[in-house]
Participant: 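Okay, handing you the structure first.
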Amino acid sequence: MVVRYMGSKRTLAPNIAALINAEHPTATVLDAFAGMCAIGCQLAPKHRVIANDVHAFAATVARALLTTPGIRPERETAIAELTPSYSRNAAALAKTLRKRLDLEHQALARADDGDWRTLMRFTLDEIAKPTPRQLPGLPTEHEYQRRTRRVPFALFSMYYASAYFGVRQALEIDSLRYAIERASPENRDVYLYALIQACSHCVAAPGHFAQHLVPRDMANTMFIARMRRRSIVARFWAALSNLTIPACLHRAGNSVHRNDATTYLQELAINAPAEVDELVIYADPPYSKAQYSRYYHVLETLVLYDYPGATGKGRYRKQRFETNFSRAAQVESEMNQFVEAAAATGASLYLSYPRNGLLLRRRRTDLRDLMRNHYPRVRLAMTKALSHSTMGGAPGAATMNVIEDVYYGGWE
Ligand SMILES: C[S@@+](CC[C@H](N)C(=O)[O-])C[C@H]1O[C@@H](n2cnc3c(N)ncnc32)[C@H](O)[C@@H]1O
């Protein structure tokens, strides 16, 4: 079960990893914009890997795969440590949500029999209420914000029920999230990664979280019904048992960071990572106007679980990171600063960028010229066709065939 991720290099990862391995077989590789860790996982069997991404959910995925503890918890262990806490949280939420759970259940059953209008009315009525929704008998949003680990965990039920997820699904997510918080620390990232996958597979949205679907006709209401019937819990267990954790050359030496990539490289230039003879940077920065913090805000909130406020129809986090890589007017100077910071670390750089990326589309800049300002040796190292998942981040089709170039900047 994979998370569909905008700009994923999953299909190209074996080629990119082989290229880096052939040219720098013993290097430690820093994946500066790790995303769902496609490149890190391919490199990890032969290289020490440092993964960085500005988002907490991406850092969680990288930790689950590349650092602690390297094994998937046995199903019996997982059941024993998650089930009691899950049940406690679910019971507390079910008490306050009982009526809405019943209405949703009936509406879904009727949709099965061809009456989709009941589900449409129920959903429209629900999403017309202010967000976050105060649940009877539970603390207020502000009380939860002051103590984000208060029980019962209720964030998804208050923020996203009947929007991205159903009422029952939100209860399941909150209760699993609570159980994960109480699980042994070495298993938490793996469990969270499985929950990230479960949420991605059940969301009533176009595959990302920039907006949820609103019922308007039979076709999309039936689609919402199909998503709402999916069990988060069942998908969580399926994700957990299918999780492949890569064999790592040096798991204890791998590390994961959550930082703006340029800032992180500027720090590395002063304070090099310990015990690294040769460092190579792989960079796969955002390449379109779609801000990842808007398209994946629900996953960020799932991991941070901080009751962040909710703005706009998409119920976005109030404060979310925005990158200049996704701003037409700033992308060139952002790229320039990034490459400058990479060169200042003394590391070679492999930079992935699609030919139709924001920077090249706007200004017809040749990335090699930009890189030559900072590296003495620059070349095009690889060119591959790639089907980019746009996830609605670009107008038109859900996937787009692009040519992806990988440029190399180095010293010899
Ligand atoms: C094109 S995606 C990387 C995809 C990744 N290679 C994969 O295959 O899954 C870009 C990533 O950069 C992250 N990001 C955006 N701005 C960033 C910044 N300024 N510093 C670090 N990471 C950033 C996003 O969260 C996103 O995961």
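Both counts, for ligands and for their atoms, begin at 1 and track the order of listing.
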Participant: Is the distance from the ring center of Y287 to that of F325 below 6.0 Å?
Facilitator: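 No, they do not, as the ring centres are separated by 6.0 Å or more.
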Participant: How far is atom 13 (C) of ligand 1 from the closest protein heavy atom, and which atom is that?
Facilitator: D53 OD2, 3.3 Å
Participant: Within the 4.5 Å heavy-atom criterion, are D405 and R355 side-chain neighbours or not?
Facilitator: yes
Participant: Would you check if the distance from the ring center of Y316 to the ring center of F209 is below 6.0 Å?
Facilitator: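 Aromatic pair excluded; centres sit 6.0 Å or further apart.
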Participant: For ligand 1, which atoms sit closer than 4.0 Å to a heavy atom of G7?
Facilitator: 1 (C), 4 (C)
Participant: What heavy-atom pair brings A170 and F165 nearest, and what distance separates the two atoms?
Facilitator: N-CB, 4.3 Å
Participant: Between D174 and R177, is there a salt bridge with N-O shorter than 4.0 Å?
Facilitator: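 Looking at D174 together with R177, the answer is no, because their closest N to O distance does not fall below 4.0 Å.
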Participant: Output the list of atoms in ligand 1 that are nearer than 4.0 Å to some heavy atom of T323, sorted by atom number.
Facilitator: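 Those atoms are 16 (N), 19 (N).
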Participant: Does the residue A58 have a heavy-atom contact with ligand 1, meaning some pair of atoms that are separated by less than 4.0 Å?
Facilitator: no
Participant: Between R147 and Y144, is NZ or CZ placed under 6.0 angstrom from the six-membered ring centre and within 45° of the ring axis?
Facilitator: no
Participant: Looking at Y159, is R315 sitting on its ring face, NZ or CZ under 6.0 Å from the six-membered ring centre and within 45 degrees of the normal?
Facilitator: no
Participant: Can you pull out the closest protein heavy atom to atom 20 (N) of ligand 1? Residue, atom name and distance to 0.1 Å, please.
Facilitator: A261 N, 2.9 Å
Participant: Measuring from non-hydrogen atoms of N259 to any atom of ligand 1, is the shortest distance under 4.0 Å?
Facilitator: yes
Participant: Compute the minimum heavy-atom distance from A34 to ligand 1 and say whether it is under 4.0 Å.
Facilitator: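 Yes; A34 lies near enough to ligand 1 that a heavy-atom distance drops under 4.0 Å.
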Participant: Which protein heavy atom lies closest to atom 9 (O) of ligand 1, and at what distance to 0.1 Å?
Facilitator: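 Here the closest protein heavy atom is M36 N, 2.9 Å.
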Participant: Please say whether the positively charged group of R75, taken as NZ for Lys or CZ for Arg, lies over the ring of W237, i.e. under 6.0 angstrom from the six-membered ring centre and within 45 degrees of the axis.
Facilitator: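 Satisfied, under 6.0 Å and within 45°.
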Participant: Where's the contact between Y5 and ligand 1, heavy-atom distance under 4.0 Å: side chain, backbone, both or neither?
Facilitator: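 Within the 4.0 Å criterion, Y5 contacts ligand 1 through side-chain atoms alone.
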Participant: Anything under 30° is parallel, anything over 60° is perpendicular, the rest tilted; go ahead and classify Y296 against Y292.
Facilitator: parallel
Participant: Numbering the atoms of ligand 1 from 1, which are under 4.0 Å from a heavy atom of H55?
Facilitator: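 Numbered from 1, ligand 1 contributes 24 (C), 25 (O).
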Participant: Quick one: does ligand 1 sit under 4.0 Å from the side chain of K9, the backbone, both or neither, non-hydrogen atoms only?
Facilitator: both
Participant: Tell me which protein heavy atom sits closest to atom 2 (S) of ligand 1, plus the residue, atom name and distance to 0.1 Å.
Facilitator: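 For atom 2 (S) of ligand 1, the nearest protein heavy atom is Y292 OH, 3.2 Å.
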Participant: Does Y350 have its ring centroid less than 6.0 Å away from the ring centroid of Y282?
Facilitator: no
Participant: Identify, by atom number and element, the atoms of ligand 1 in contact range of D260, meaning under 4.0 Å from any of its heavy atoms.
Facilitator: 18 (C), 19 (N), 20 (N)
Participant: Give the contacting part of D284 toward ligand 1: side chain, backbone, both or neither, where contact means a heavy-atom distance below 4.0 Å.
Facilitator: both
Participant: Is the ring centre of Y164 less than 6.0 Å from the ring centre of H297?
Facilitator: yes
Participant: List every atom of ligand 1 that sits less than 4.0 Å from any heavy atom of A38, numbering the atoms from 1 in the order shown and giving each element.
Facilitator: 8 (O)
Participant: Starting from atom 15 (C) of ligand 1, which protein heavy atom do you reach first, and at what distance in Å?
Facilitator: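 Protein heavy atom at minimum distance: P286 CG, 3.4 Å.
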Participant: Non-hydrogen atoms of F321 versus ligand 1: any pair closer than 4.0 Å?
Facilitator: yes
